[in-house]
Visitor: 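Let me begin by handing over the structure; questions about it come next.
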Amino acid sequence: MSSGNVGNVAGGHKAALKNPNVSEEAKEHSRQVLEDMEQSGEISEHAKAASDDSGKNEGNVIGGYKATLKNPNVGEEAKERAKEVLESKGLASKGRIVLASASPRRKEILKIFGIDPETIPSTFNEDLPHSDFPNVYEYPVATATQKGLEVYERLVLQDPESPPDLVIAVDTVVLTHITPPTSDVSPSLFDDTPRPDILEKPTSKKDNLRMLLDLNGRSCEVVTGVVVIYPVLVSPGYAIKSMEDRTLVTFAENPVSLLEAYVDSEEGLDRAGGFSAQGLGGLLIRKFDGDFYNVVGFPAAAFFKFLELLIKEEDDFLALD
């Protein structure tokens, strides 16, 4: 497990020990996990210090997340790439950059990597029919596109002479993970290959528990669509570029009592899939395959690679004064 994931998981378990809403049985489980991690050497002195500090300063729910974000071993290569991209276009010092989202987590991740955007949430209803997308991975990109367009067009109407230099729009969904066929026969020959389902927010505690029981010991996929919109000199006056990133989240075989304790905390009620990986939900998770920041809601490393590609290949990207 990477140092970032260790810090997050350890922070989540330490947060659980301090949370009065978590049962004694669940706390005992967390104690055992932490002891096992320490004995196996997974928790470095730095990771233990980070998770301890985050629990004291940021509260139980976001402690593990803060420990990961503050860990100097996380994302250094991506941070360096971000710095180069920002300097190449002067984004760190000039330009109006707008994040079409109300998510404080997304803004904080961007700030870590050198961008401090203006936050203007989109009013788009996010009600695109799932059935319109045979390729379910296109769904978050399409939703992010509509979010970004709504904000960009609204700002242009407010001040046609000064459009934003860059609008960043994001949508994250959780999908059921379909295990590939184990047969030697080509997957393309399976006409009944199931389509991943989009996991919405739970409608109640009972529904939240059902979701977690379905995920327990299994994996789900977190997919984030990111869209950038910027002004150009040709019709319709703006360009839209998009990307998506995927992270596989594998849940541990958790006792039902721990799942029930998590549901009682109500943290997962307003989260797609019914869990928050950067909060107490981190103690339910065994591993991440991919970018942890993507699970939080913004794939920083992939985003700055994306910007770097746009700078190289798109002559009009952020070229207007």
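Each residue takes its place number in the sequence, starting with 1. Just so it is clear, the values below take in all heavy atoms, side chains as well, and ignore hydrogens, waters and symmetry mates.
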Visitor: Please check if V295 and V223 belong to a single hydrophobic cluster, counting links between Ile, Leu, Val, Met, Phe, Trp and Tyr side chain heavy atoms closer than 4.5 Å.
Guide: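 Looking at the clustering, V223 is in a separate group from V295.
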Visitor: Can you tell me how far apart CD (E266) and CG (L280) are? Round to the nearest 0.5 Å.
Guide: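 E266 atom CD to L280 atom CG measures 12.5 Å (nearest 0.5 Å).
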Visitor: Can you confirm if the aromatic rings of F113 and Y293 lie within a centre distance of less than 6.0 Å?
Guide: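 Under 6.0 Å, so yes.
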Visitor: Check for a donor-acceptor pair, side chain of N208 on one end and backbone N or O of G274 on the other, with a separation under 3.5 Å.
Guide: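 The answer is yes, because a donor-acceptor pair under 3.5 Å joins these two groups.
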Visitor: Assess whether atom NZ of K205 is packed by more than 12 heavy atoms of other residues, nucleotides or ligands within 6.0 Å.
Guide: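 Yes, the 6.0 Å shell around NZ holds more than 12 heavy atoms from other groups.
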Visitor: Mind checking what makes side chain to side chain contact (heavy atoms under 4.5 Å, CB included) contact with P236, not counting sequence neighbours?
Guide: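 Once residues adjacent in sequence are excluded, the partners of P236 under the side chain to side chain contact (heavy atoms under 4.5 Å, CB included) criterion are Y238.
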Visitor: Are the side chains of I168 and V170 in contact, using a 4.5 Å heavy-atom criterion?
Guide: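 The answer is yes, as the side chains (C-beta and beyond) meet within the 4.5 Å cut-off.
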Visitor: Could you tell me whether the side chain of R195 reaches within less than 4.5 Å of the side chain of V136, counting heavy atoms only?
Guide: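 Answer yes - side chains close enough.
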Visitor: Checking side-chain hydrogen bond (donor to acceptor under 3.5 Å, both in side chains) against T224, which of D245, T247, T172 comes through?
Guide: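 It is T172, the one option of D245, T247, T172 that forms the side-chain hydrogen bond (donor to acceptor under 3.5 Å, both in side chains) with T224.
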Visitor: Would you please test D165 and Y230 for side-chain contact (heavy atoms from CB on, under 4.5 Å) and show each step?
Guide: CA-CA 6 Å; D165 295 283; Y230 55 93; over 6 Å; no
Visitor: Would you say V156 and V227 are hydrophobically clustered, going by side-chain heavy atoms of ILVMFWY under 4.5 Å?
Guide: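 V156 and V227: one cluster.
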Visitor: Is any side-chain heavy atom of L209 closer than 4.5 Å to a side-chain heavy atom of E260?
Guide: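 Side-chain contact under 4.5 Å: yes.
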Visitor: Does V151 belong to the same Ile/Leu/Val/Met/Phe/Trp/Tyr cluster as V226, with side-chain heavy atoms less than 4.5 Å apart forming each link?
Guide: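 The answer is no; the residues belong to distinct hydrophobic clusters.
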Visitor: Determine whether K201 and R271 make a side-chain contact, defined as any pair of heavy atoms from C-beta on separated by less than 4.5 Å.
Guide: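 Counting from C-beta outward, K201 and R271 never come under 4.5 Å.
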Visitor: Taking the six-membered ring for Trp, is the centroid-to-centroid distance between F275 and F251 below 6.0 Å?
Guide: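 That pair passes the under 6.0 Å test.
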Visitor: If every non-hydrogen atom of S101 is compared with every non-hydrogen atom of T119, which pair is closest and at what distance?
Guide: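 What the structure gives for the nearest pair is O-CG2, 2.8 Å.
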Visitor: When F298 is tested against each of K107, E108, R106 for side-chain contact (heavy atoms from CB on, under 4.5 Å), which residue passes?
Guide: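 Among the candidates, only R106 passes.
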Visitor: Would a hydrophobic clustering, with Ile, Leu, Val, Met, Phe, Trp and Tyr connected at side-chain separations under 4.5 Å, put I240 with F303?
Guide: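 No, because I240 and F303 fall into different hydrophobic clusters, even though each may have its own neighbours under 4.5 Å.
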Visitor: Establish, for the pair R246 and Y137, whether the NZ or CZ atom is under 6.0 angstrom from the six-membered ring centre and no further than 45 degrees off its axis.
Guide: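 Yes.
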Visitor: If you compare all heavy atoms of D207 against all heavy atoms of P202, which two are closest, and at what distance to 0.1 Å?
Guide: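 Heavy atoms only, the tightest pair is OD2-CA, 3.3 Å.
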Visitor: Can you tell if the side chain of L212 reaches within under 4.5 Å of the side chain of R210, non-hydrogen atoms only?
Guide: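 Of all side-chain heavy-atom pairs linking R210 with L212, none is under 4.5 Å.
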Visitor: Can you tell me how far the CG atom of N294 sits from the CD atom of E244, to the nearest 0.5 Å?
Guide: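 Answer for the CG-CD pair, N294 versus E244, is 9.0 Å.
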Visitor: Any side-chain donor paired with an acceptor under 3.5 Å for E267 and Y262?
Guide: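 Indeed, the side chains of E267 and Y262 share at least one donor-acceptor pair under 3.5 Å.
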Visitor: With ring centroids as reference points, do F133 and Y139 lie under 6.0 angstrom apart?
Guide: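 Aromatic pair counts; centres sit under 6.0 Å.
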Visitor: Applying side-chain contact (heavy atoms from CB on, under 4.5 Å), run through L284 and L259 and close with a yes or a no.
Guide: CA-CA 8 Å; L284 307 178; L259 301 180; 4.0 Å; yes
Visitor: Using the rule given for side-chain contact (heavy atoms from CB on, under 4.5 Å), can you reason through V174 versus E221, listing the C-alpha separation, both sets of side-chain angles and the distance that settles it, and then say yes or no?
Guide: CA-CA 6 Å; V174 180; E221 195 169 22; over 6 Å; no
Visitor: For residues T143 and E126, is any side-chain donor paired with an opposing acceptor at under 3.5 Å?
Guide: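 Checked: T143/E126 side chains show no N/O donor-acceptor pair below 3.5 Å.
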Visitor: Transitively linked via ILVMFWY side-chain contacts under 4.5 Å: L215 with L175?
Guide: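 No: no chain of side-chain contacts under 4.5 Å links L215 to L175.
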Visitor: Mind checking whether V228 and F306 have side chains closer than 4.5 Å, heavy atoms only?
Guide: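 SC-SC contact between V228 and F306 confirmed.
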Visitor: Output, in order, the C-alpha distance, side-chain angles, deciding distance and verdict of side-chain contact (heavy atoms from CB on, under 4.5 Å) for V296 and I109.
Guide: CA-CA 9 Å; V296 177; I109 291 172; 3.8 Å; yes
Visitor: Are any of the side-chain heavy atoms of L248 and F288 separated by less than 4.5 Å?
Guide: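 The answer is no; the side chains never approach within 4.5 Å.
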Visitor: Are more than 12 heavy atoms, taken from residues, nucleotides or ligands other than R218, located less than 6.0 Å from that residue's CZ atom?
Guide: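 No.
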Visitor: Write down the atom of P164, the atom of V167, and the distance for their closest heavy-atom approach.
Guide: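 It is CG-CG2, 3.7 Å.
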Visitor: Once rounded to the nearest 0.5 Å, what's the spacing between atom SG of C220 and atom CD1 of I285?
Guide: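 The CD1 atom of I285 is 7.5 Å from SG of C220, to the nearest 0.5 Å.
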Visitor: Is a donor from one side chain sitting under 3.5 angstrom from an acceptor on the other, for R286 and T250?
Guide: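 No, T250 and R286 have no side-chain donor paired with an acceptor closer than 3.5 Å.
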Visitor: Mind listing the closest non-hydrogen atom pair of P121 and R154 along with its distance?
Guide: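 For P121 and R154, the tightest heavy-atom pair comes out as O-NH2, 3.1 Å.
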Visitor: Just how far is it from atom CG of L307 to atom CE of M243, taken to the nearest 0.5 Å?
Guide: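 Output value for this atom pair is 9.0 Å.
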Visitor: Heavy atoms only: give me the nearest K241-E314 pair and the separation to one decimal.
Guide: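 Taking every non-hydrogen atom into account, NZ-OE2, 3.6 Å.
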Visitor: Let me confirm one number: the OH-CG distance from Y152 to L166, rounded to the nearest 0.5 Å.
Guide: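 One finds 10.0 Å between OH of Y152 and CG of L166.
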Visitor: Is it the case that the side chain of N216 and the backbone of D214 share a donor-acceptor pair, with hydrogens and angles ignored and the cut-off at 3.5 Å?
Guide: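 Between the backbone of D214 and the side chain of N216 there is no qualifying donor-acceptor contact (under 3.5 Å).
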Visitor: Do I115 and F304 touch side chain to side chain, with heavy atoms closer than 4.5 Å?
Guide: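 When only atoms from C-beta onward are counted, F304 and I115 do touch, with a gap below 4.5 Å.
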Visitor: Say you draw a straight line from CG of L149 to CD1 of I229; how long is it, rounded to the nearest 0.5 Å?
Guide: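 It is 4.0 Å, given to the nearest 0.5 Å.
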Visitor: What is the minimum heavy-atom distance between L110 and P117, and which atoms define it?
Guide: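 Minimum heavy-atom separation between L110 and P117: CD1-CG, 3.9 Å.
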